[in-house]
Amino acid sequence: MALLLTVLLSTMLASSHASVGPSTNSSFCTESKECLEYQLVCRTDEYEVRHYSPTRWVSTDAEAYFMGVGAAMAFRRLFQYITGANDAGAQMEMTAPVLVKIPEETKMWEPAIYTLNFPLPAAYQDKHPAPTNDKLYFTEMPEMDVYVRSYGGWMLSVTSRLHAHMLTKELQRVDAPYNRSYHYGVGYDSPLKLLNRHNEVWYIAEGEPVCSDPQEPTPSHTLSPLLARAPRAPLPSDPLPLTLSHPVTLDNASSVSNMTDAAAQPTTPLPTHQPAESASPTAQVVEDGTSNCVIVESVEPERDVMQWDSTATVSVTTQADSNSTAVPDASH
């Protein structure tokens, strides 16, 4: 009975650090024989959520002003460990990925502490030789869910911070709880690899990971180049509004002009409305002969304002000295 319990306990301990396996299970871990394994929980347009089992890593710290400098110093120590700088003289295969723990709160005038981590090979997860360098130690990574953002190129200080910022911006938008004190910069390739490089940014999820967007999706339509104005009360000299179902462009400007000519019953030109000093600024849609677009001009006593709106109503009237001028039936 005692022997059976011992076997079961050994089996449980062996399975507790079993998330390092053949790199063939990953499409982007191509330079190492073994790679950290995970289960994909969900994927969105901006990130994916992964579940990792407990693992054991060999780690070391480096103090530097930039992540790249600290990682280079720490990498040398870890590489010496897996190539024989241990009490057993064991030669270990390089595993992936390399994890750099990066603190969130750093000051430009003070160096930060960066922690570099190598995952131990599967054969050494439970029994590993002690390092000869006293600056190395072992880290127990717990079972965890991780928010991951992937990117290519090299894992530099600037690129790592950029993608970390983009990931946190999205996590905050969807109200996803995560550890805000640090994140991981994750690299899978050696510096000699030039193409198809793969890097990641990790934030550890706290509580249930968020896999869906609680907000309404953004409409797929594009905004029309019209001025955004609040409606004003119509004046007696204003023409009747003509609502267009699409913005005026060079392709349909002539048809709009024909529609205006047909609708204009008076034989004498309509008087042009001159707004009072307290009235809102006017806007005109004019054709630009040098490009395939229509320019919307806003005229104010001191400045021109260009805004974009997809819901503004466009009115069309005729004048005596021009073909057709489209005036938005809205002002501030």
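Only heavy atoms go into these numbers, but all of them, side chains included; no hydrogens, no water, no symmetry mates. Heads up: numbering here begins at 1 and tracks the sequence.
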For this session: Using modelled atom types only, decide if a donor and an acceptor are shared between the side chain of Glu105 and the backbone of Ser181 within a distance under 3.5 Å.
Result: no
Problem set entry | Any donor-acceptor pair under 3.5 Å from Asn86 side chain to Ala90 backbone | yes
Problem set entry | Test item: Thr44 side-chain N/O and Tyr47 main-chain N/O as donor-acceptor pair under 3.5 Å | yes
Exercise. Is the backbone N or O of Tyr151 less than 3.5 Å from a side-chain atom of Arg197, with the two atoms forming a donor-acceptor pair by type?
Worked result: no
Problem set entry | Ring centre gap for Tyr203 and Tyr184 strictly below 6.0 Å | no
Problem set entry | Polar contact flag, side-chain donor to acceptor under 3.5 angstrom, Lys33-Thr95 | no
For this session: Assert yes or no for the condition that the ring centre distance of Tyr52 to Trp202 is strictly below 6.0 Å.
Result: yes
Problem set entry | Option among His198, Glu31, Glu200 that satisfies the side-chain hydrogen bond (donor to acceptor under 3.5 Å, both in side chains) test with Tyr188 | Glu200
For this session: Answer yes when Glu46 and Arg149 have at least one side-chain N-carboxylate O distance shorter than 4.0 Å, and no when they do not.
Result: yes
Problem set entry | Geometric cation-pi criterion Arg56 and Phe138, 6.0 Å radius, 45° cone | no
Exercise. Asn117 side chain to Leu99 main-chain N or O, any donor-acceptor pair under 3.5 Å?
Worked result: yes
Exercise. Counting heavy atoms not belonging to Lys135, are there more than 12 under 6.0 Å from its NZ?
Worked result: no
Exercise. Would a distance-only check, ignoring hydrogens and angles, find a side-chain to backbone donor-acceptor pair under 3.5 Å from Thr132 to Ala85?
Worked result: yes
For this session: Search all heavy atoms of Pro103 against all heavy atoms of Tyr182 and return the closest pair with its distance.
Result: CA-CB, 4.1 Å
